[in-house]
A.B. asks: 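First, the structure itself, so that you have it in front of you.
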Amino acid sequence: MIKGSALVWHFRSDEAENIGYVIPTTVVSHFLNDYQKNGKYTGFPCLGVLLQKLENPALRESLKVPSSEGVLVRRVEPTAPASSVLRKGDVIVSFDGIAVGCEATVPFRSTERIAFRYLTSQKYAGDIAQLGIIRDGNSMKVQTILQPRKHLVPFHVEGGQPSYLIVAGLVFTPLTEPFIEEECEDTLGLKLLAKARYSLATFEGEEIVIVSQVLAHEVNIGYEHMGNQQVMKLNGTTIKNIHHLAHLVDTCKDKFLTFEFEDDFLVVLHREEADAASSDILKEHAIPSIRSSDLSEPYAEANNNEIQKTSEDFGESPVTNFEMGIDCLLWA
């Protein structure tokens, strides 16, 4: 039923009785329009920028902002389309012709103001936004496409089945939120969990690939107790995602498979012995294939504009659309 400006959903079951969820009608409307527009639900889009309020006069003067307007761009997500038109130090003063105040608000209804993110929430994936910006004291207009945020660790698994690759009993899989929930956060270790929560993807298709478990066999002796560790390189090549790892394993002609893990842990396997052991490992553990079906497709090298990771790629990041930490900083 609908109450006021929200949809109230009640349900009963054997485990839960008379539990209600309140969904704002604006969210329901956005969902329905999004599905009609894109043929599927894509979610709320965003600019992919970290913004700072400009309420301090000295700060505005130093940026050559002539009036009490605008928000300062402090970081741009590398995978966001806005990264091609915005840069750190820009001041966004308007969005689709609507002036943005220095406190990160915009006009709403007659005499009210609302958070700047309201404007992006009215958009849909693929929509274009025109931004008025001040850069080095010069006013200009730029356009960017709005897309939903691309999380380094996805909230959902495409197709419902996780990707996996088994090499000599080492089970590799991308880190996902469902995996974290199933494994329990305590088993991942603080470093990996912090990376999953706060690191930014630096290029399209980037994944954190981990060894989730080791199927014990004489070929992997000494490695059987490792698990939930991120693999960084194979034979010196940085791993981009699980499909890239499968491609590197398939095309390797070296005598050894040398995996480098986080914290400099090293796993070296004799390549031919690893191949020979695969059938025994699969048979012993009743596993039908050494890899998920999606990894059987040929690997296509994407034209990724990869960037070198810096300390900025690890820290506060847009896990959600809410303000984080310092009140004057917000993601949009």
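Just the heavy atoms: all of them, side chains too, but no hydrogens, waters or symmetry mates, feed the values below. We count residues from 1, following the sequence as given.
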A.B. asks: Can you see which heavy atom on Leu47 is nearest to which on Leu131, and at what distance?
C.D. replies: CD2-CD1, 4.0 Å
A.B. asks: Main chain of Gly97, side chain of Ser94: is a donor-acceptor contact present, judged purely on distance under 3.5 Å?
C.D. replies: no
A.B. asks: Counting only heavy atoms from other residues, nucleotides and ligands, does the tally under 6.0 Å from CG of Leu266 exceed 12?
C.D. replies: yes
A.B. asks: Would you kindly confirm whether Phe261 and Val249 end up in one hydrophobic cluster when ILVMFWY residues are joined by side chain heavy atoms under 4.5 Å apart?
C.D. replies: yes
A.B. asks: Are any non-hydrogen side-chain atoms of Ile166 and Phe172 less than 4.5 angstrom apart?
C.D. replies: no
A.B. asks: Treat each ILVMFWY residue as a node, draw an edge where side-chain heavy atoms are under 4.5 Å apart, and state whether Val211 and Leu248 are in one component.
C.D. replies: yes
A.B. asks: Within the structure provided, determine whether Val268 and Leu257 are in side-chain contact (heavy-atom separation under 4.5 Å).
C.D. replies: no
A.B. asks: Ser296 versus Arg291: any side-chain heavy-atom pair under 4.5 Å?
C.D. replies: yes
A.B. asks: Side-chain contact test, heavy atoms from C-beta onward, threshold under 4.5 Å: evaluate it for Leu152 versus Ile208 and give yes or no.
C.D. replies: yes
A.B. asks: Identify the heavy atoms of His244 and Thr237 that sit nearest to each other, and give their distance.
C.D. replies: CE1-CG2, 4.0 Å
A.B. asks: Decide, yes or no, whether a salt bridge links Glu272 with Lys255 under the criterion of side-chain N to carboxylate O below 4.0 Å.
C.D. replies: no
A.B. asks: Taking only Lys NZ, Arg NE, NH1 and NH2, and the carboxylate oxygens of Asp or Glu, determine whether Lys240 and Glu207 approach each other closer than 4.0 Å.
C.D. replies: no
A.B. asks: Decide yes or no on side chain to side chain contact (heavy atoms under 4.5 Å, CB included) for Leu50 and Val73, but give the supporting numbers first.
C.D. replies: CA-CA 6 Å; Leu50 178 65; Val73 176; over 6 Å; no
A.B. asks: I'd like a table of donor-acceptor pairs (distance under 3.5 Å, sequence neighbours excluded) in which one partner is a side-chain atom from residues 134-148, with atom names and distances.
C.D. replies:
residue : atom : partner : partner atom : Å
Arg135  : NE   : Asp90   : OD1          : 2.8
Arg135  : NE   : Asp90   : OD2          : 3.4
Arg135  : NH2  : Val85   : O            : 2.9
Arg135  : NH2  : Asp90   : OD2          : 2.8
Asp136  : OD2  : Arg87   : NH2          : 3.4
Thr144  : OG1  : Ala82   : N            : 3.3

A.B. asks: Starting from the C-alpha separation in whole Å, work towards a yes-or-no answer on side chain to side chain contact (heavy atoms under 4.5 Å, CB included) for Asn228 and Ile210.
C.D. replies: CA-CA 6 Å; Asn228 294 340; Ile210 65 170; 4.0 Å; yes
A.B. asks: Is it true that a side-chain atom of Thr173 and a backbone atom of Ser163 form a donor plus acceptor pair closer than 3.5 Å?
C.D. replies: yes
A.B. asks: Please assess Arg60 against Glu69 for the test salt bridge (charged side-chain N to carboxylate O under 4.0 Å, His left out), listing each intermediate value before the final yes or no.
C.D. replies: CA-CA 9 Å; Arg60 291 198 302 271; Glu69 61 180 352; over 6 Å; no
A.B. asks: Just wondering, do Leu245 and Phe259 contact through their side chains at under 4.5 Å, heavy atoms?
C.D. replies: yes
A.B. asks: Do you know the tightest heavy-atom contact between Glu262 and Gln229?
C.D. replies: O-OE1, 4.4 Å
A.B. asks: Quick one: NZ on Lys53 to CG on Asn56, what's the gap to the nearest 0.5 Å?
C.D. replies: 13.5 Å
A.B. asks: Could you give the distance from CD1 (Ile221) to CD (Glu224), rounded to the nearest 0.5 Å?
C.D. replies: 6.0 Å
A.B. asks: Where do Ile281 and Ala168 come nearest, in terms of heavy atoms and distance?
C.D. replies: CD1-C, 3.6 Å
A.B. asks: Is any side-chain heavy atom of Val209 closer than 4.5 Å to one of Leu175?
C.D. replies: no
A.B. asks: Consider only side-chain heavy atoms of I, L, V, M, F, W and Y, link residues closer than 4.5 Å, and tell whether Phe203 and Leu234 are in one cluster.
C.D. replies: no
A.B. asks: If two hydrophobic side chains count as joined below 4.5 Å and joins carry through other members, does Ile239 share a cluster with Val267?
C.D. replies: yes
A.B. asks: Starting at CG of Leu54, measure out to CD of Glu61 and round the result to the nearest 0.5 Å.
C.D. replies: 13.0 Å
A.B. asks: Under the salt bridge (Lys or Arg N to Asp or Glu O under 4.0 Å) rule, what pairs show up with a residue in residues 93-103, not counting sequence neighbours?
C.D. replies: Asp96-Lys123, Glu103-Arg113
A.B. asks: Under a 3.5 Å distance rule, please check whether Asp263 uses its side chain to pair with a backbone N or O of Phe265 as donor and acceptor.
C.D. replies: no
A.B. asks: Check the pair Ile98, Leu119 against side chain to side chain contact (heavy atoms under 4.5 Å, CB included), reporting the backbone distance first and the verdict last.
C.D. replies: CA-CA 9 Å; Ile98 301 174; Leu119 297 181; 3.8 Å; yes
A.B. asks: Check the pair Met226, Gln213 against side chain to side chain contact (heavy atoms under 4.5 Å, CB included), reporting the backbone distance first and the verdict last.
C.D. replies: CA-CA 7 Å; Met226 66 178 296; Gln213 63 177 309; over 6 Å; no
A.B. asks: For Asp254, is the CG atom crowded, meaning more than 12 foreign heavy atoms sit under 6.0 Å from it?
C.D. replies: yes
A.B. asks: With side-chain contact (heavy atoms from CB on, under 4.5 Å) as the test, pick out the partner of Leu51 among Val91, Val71, Leu72.
C.D. replies: Val71
A.B. asks: Taking only residues two or more places apart in sequence, or in another chain, which ones meet Ser292 in a side-chain hydrogen bond (donor to acceptor under 3.5 Å, both in side chains)?
C.D. replies: Asp294
A.B. asks: Return each pair, listed once, that meets ring pair (Phe, Tyr, Trp, His ring centres under 6.0 Å) where at least one residue sits in residues 205-232; pairs must be two or more places apart or across chains.
C.D. replies: none
A.B. asks: Please check if the side chain of Asn220 supplies one atom and the backbone of Leu215 the other of a donor-acceptor pair under 3.5 Å.
C.D. replies: yes
A.B. asks: Are there more than 12 heavy atoms of other residues, nucleotides or ligands under 6.0 Å from atom CD of Glu218?
C.D. replies: no
A.B. asks: For Ser278 and Ala274, indicate whether the former's side chain and the latter's backbone hold a donor-acceptor pair under 3.5 Å.
C.D. replies: yes
A.B. asks: For the pair Glu206 (side chain) and Thr202 (backbone), establish whether a donor and an acceptor sit closer than 3.5 Å, ignoring hydrogens and angles.
C.D. replies: yes
A.B. asks: Would you call Phe256 and Arg271 a side-chain contact if the rule is heavy atoms closer than 4.5 Å?
C.D. replies: no
A.B. asks: Using a 3.5 Å distance criterion without hydrogens, assess whether the side chain of Thr251 forms a donor-acceptor pair with backbone atoms of His247.
C.D. replies: yes
A.B. asks: Is there a side-chain contact between Arg149 and Phe44, using heavy atoms and a 4.5 Å cut-off?
C.D. replies: no
A.B. asks: Between Pro107 and Ala99, what is the shortest heavy-atom contact and its length?
C.D. replies: CD-O, 3.7 Å
A.B. asks: Donor-acceptor check, side chain of Gln122 to backbone of Thr120, threshold 3.5 angstrom: yes or no?
C.D. replies: no
A.B. asks: Flag yes if Val231 and Phe179 sit in one hydrophobic cluster, no otherwise; membership is Ile, Leu, Val, Met, Phe, Trp, Tyr, and two members link when side-chain heavy atoms are under 4.5 Å apart.
C.D. replies: no
A.B. asks: If I take atom CG from residue Asn241 and atom CD from residue Glu204, how far apart are they, to the nearest 0.5 angstrom?
C.D. replies: 10.5 Å
A.B. asks: For Gln52 and Leu59, which heavy atoms make the closest approach, and how far apart are they?
C.D. replies: NE2-CD2, 3.7 Å
A.B. asks: For Phe116, what residues pass the ring pair (Phe, Tyr, Trp, His ring centres under 6.0 Å) criterion, not counting sequence neighbours?
C.D. replies: Phe95
A.B. asks: Under the rule for ring pair (Phe, Tyr, Trp, His ring centres under 6.0 Å), what residues qualify as partners of Phe108, not counting sequence neighbours?
C.D. replies: Tyr118
